[in-house]
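Below you'll find the structure, written out as structure tokens, and then a few comments.
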Amino acid sequence: MIAKETSDQLSKLIGSEKVFFREDGKLDQNTFDSYGLDRTKVYSPKYQILLFPENTEDVQKIVKYAYENGIAIVPSGGRTGYAGGAVAKSGEIVISLAKMNKVLDFDPFLGTLQVQAGMITKNLHKEAEERGFYFPVDFAATGSSHIGGNIATNAGGVRVVQYGLIRDWILGLTVVTGKGEIFRFNGEILKNNTGYDLKHLFIGSEGTLGIITECVVKLTKPPKDIRVIFLAVPEYKNILDIFKETHNFSLPLLAFEFLTDYCLKKVKEHLSVSDPFPESSKYYVLMEYEVQDEADEEKLFGILETITEKELITDGSIAQNSRQNETFWKYREGISESLSLAHTVHKNDISLPLRNMEAFLADMEALLATKYQGFEVALFGHIGDGNLHLNIVKPKELSDADFFERCKSVDPEMFSLIQKHKGSISAEHGIGLLKKDYLQFSRSEAEILAMRGIKAVFDPKGIMNPGKVL
Ligand SMILES: Cc1cc2nc3c(=O)[nH]c(=O)nc-3n(C[C@H](O)[C@H](O)[C@H](O)COP(=O)(O)OP(=O)(O)OC[C@H]3O[C@@H](n4cnc5c(N)ncnc54)[C@H](O)[C@@H]3O)c2cc1C
């Protein structure tokens, strides 16, 4: 009943066409549920009110109302997150940015685009391309994720090794704080040293400080031509040695990814791709380079020659056309999809200093052998960034509940190892609900206290995505 009254009040504020009350039947229950869920699959949605604002002022009206009435809010982007950040399971109101998907401005001098935060990331790529530019943040979920969700999670992706995280590509942000204030952080100028750069607090804040409604993203020139190389690598150590070799060639390395043979098998089973090589290998590496001219092509062969002579690889192939580029990328980017089609998995997205990686892996393998004896493990990731995606696959005979219980009991031991080797328990997926209880493995008590202080400034009543991150 209270929810119905809230829904009626919100309809008066922003228009009834933007307000969906669960029981009014305007959306079927599955679709309604899907706006309060992400890809974690471990939580059930429980909420009554779903809103589709169309501009920053609509968002402000909603948040002010929620602030005055102490109502919790979950910001909902493309719901591709893997940390439970967009899950509404405690009667919150869900604000979907899906209708806020327009281009607002383009600055040809700076090469920046201003868009609403609900724009699907791939559409932003197209908008940049149509203007002769390139937006380099990309990964397997960008056909569904929102640019606002990417910013709220400080997304990484497959080209971080060359272009960095999304944080490096944000010039300005418009946000509505948990108090309902609109802040417009910069956006038109490159240089602005006027005190604290507050937009960076919202990048990676997972909806806990306010709602990102608009952003100004920096663009760059597209790579002239790209070459994708797929390598068969017999030992883990060799992967790191190959990465070190790439520093000796002045050729822009756009991606450096790896996967195990288990991952490749899963992709072959589900996405009908053929074998890359006649013989299988324990590991595979995908490298992507930008090439400008003949001299660069020679450098590329130089790299292959060097790693072959040093016996770091057992086979290797340069894609000959765009179709082969796609196939090589499918081996890597098809892993998450293939795993989720056939299995329940427990995901860990972690990062380590590359120099500590081998020692960490030895410890990790020992832990897996004792705690997950007989379990299948899918290991892949953005290895050039020190980022591993460690996926524990549920054995058929275990129930989901028993499986997740087991994983929960092992996680602290895994996180202790990560801490010991100076890594992070979340490289790019964020903390959300999933890793909230383990934040202390990567952040000190004093840091967590400072974060709480910052949250209190922007969200004094704690209505923004409560229960997430902190
Ligand atoms: C197949 C696959 C591959 C992936 N690969 C990568 C990868 O390589 N790199 C990577 O970084 N991530 C990856 N992810 C994870 C995910 O896609 C990213 O975290 C993405 O940035 C989330 O964007 P989203 O719009 O889906 O956000 P959602 O899942 O909807 O939300 C994520 C968080 O941001 C908050 N939020 C969303 N929009 C806003 C907003 N406008 N204002 C304030 N808060 C908001 C939500 O409340 C939530 O806490 C992958 C996911 C999948 C399914």
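Indexing begins at 1, ligand by ligand and atom by atom, following the structure's order.
Under 4.0 Å from ligand 1, the heavy atoms of His382 that appear belong solely to its side chain. Residue contacts with ligand 1 for Pro75 involve both N, CA, C or O and side-chain atoms from C-beta outward (heavy atoms, distance under 4.0 Å). Of all the heavy atoms of Lys468, none lies under 4.0 Å from any atom of ligand 1, so neither backbone nor side chain is involved.
Considering Gly149, Ser336, Ser426 only, the shortest heavy-atom separation from atom 38 (N) of ligand 1 involves Gly149. Closest to atom 11 (O) of ligand 1 by heavy atom, among Ala140, Ala427, Gly156, is Gly156. Of all the listed residues (Gly148, Ala98, Ala141), Gly148 holds the heavy atom that lies closest to atom 39 (C) of ligand 1.
For ligand 1, the atoms sitting less than 4.0 Å from at least one non-hydrogen atom of Ser145 are 23 (O), 24 (P), 25 (O), 26 (O), numbered in the order shown with element in parentheses. Those atoms of ligand 1 that come under 4.0 Å of a heavy atom in Asn465, given as number and element, are 47 (O), 49 (O). Short contacts between ligand 1 and Thr153, defined as distances under 4.0 Å to a heavy atom of the residue, involve ligand atoms 19 (O), 20 (C), 21 (O), 32 (C), 33 (C). Remark: ligand 1 atoms within the under-4.0 Å shell around heavy atoms of Arg39 are 53 (C). Of all atoms in ligand 1, listed by their number and element, those nearer than 4.0 Å to a heavy atom of Leu97 are 41 (N). Near Gly207, the atoms of ligand 1 lying under 4.0 angstrom from a non-hydrogen atom of the residue are 43 (C), 44 (N). Within ligand 1, counting atoms from 1 as listed, the ones closer than 4.0 Å to a heavy atom of Ala155 are 11 (O), 21 (O). Listed by number with element, the atoms of ligand 1 under 4.0 Å from a non-hydrogen atom of Arg79 are 24 (P), 26 (O), 28 (P), 29 (O), 30 (O).
Taking 4.0 Å as the cut-off between side-chain N and carboxylate O, Arg323 and Glu326 do not count as a salt-bridged pair. The residues Glu288 and Arg159 are annotated as salt-bridged, a charged nitrogen and a carboxylate oxygen being separated by less than 4.0 angstrom. Looking at Arg22 and Asp33, a side-chain N of the basic residue comes within less than 4.0 Å of a carboxylate O on the acidic one, giving a salt bridge. Under 4.0 Å is where a charged nitrogen must lie from a carboxylate oxygen, and between Glu127 and Arg131 at least one such pair does. Taking 4.0 Å as the cut-off between side-chain N and carboxylate O, Lys218 and Asp168 do not count as a salt-bridged pair. Using a cutoff of 4.0 Å between basic side-chain nitrogens and carboxylate oxygens, Lys99 and Glu54 are not scored as salt-bridged.
Of the protein's heavy atoms, Tyr82 CE1, 3.8 Å lies nearest to atom 50 (C) of ligand 1. For atom 31 (O) of ligand 1, the closest non-hydrogen atom on the protein side is Ala86 CB, 3.8 Å.
Cation-pi contact between Lys179 and Tyr67: absent, since separation from the ring centre below 6.0 Å together with deviation from the ring axis within 45° is not met.
Residues meeting the ring pair (Phe, Tyr, Trp, His ring centres under 6.0 Å) test with Phe32, sequence neighbours left out: Tyr47. Remark: Thr56 engages Thr213, Glu214 in a side chain to side chain donor-acceptor pair (under 3.5 Å) (not counting sequence neighbours).
By the 4.0 Å heavy-atom criterion, Gly432 is excluded from the residues contacting ligand 1.
Ring geometry, Tyr236 versus Tyr283: the interplanar angle exceeds 60°, so the pair is classed perpendicular (tilted spans 30 to 60°).
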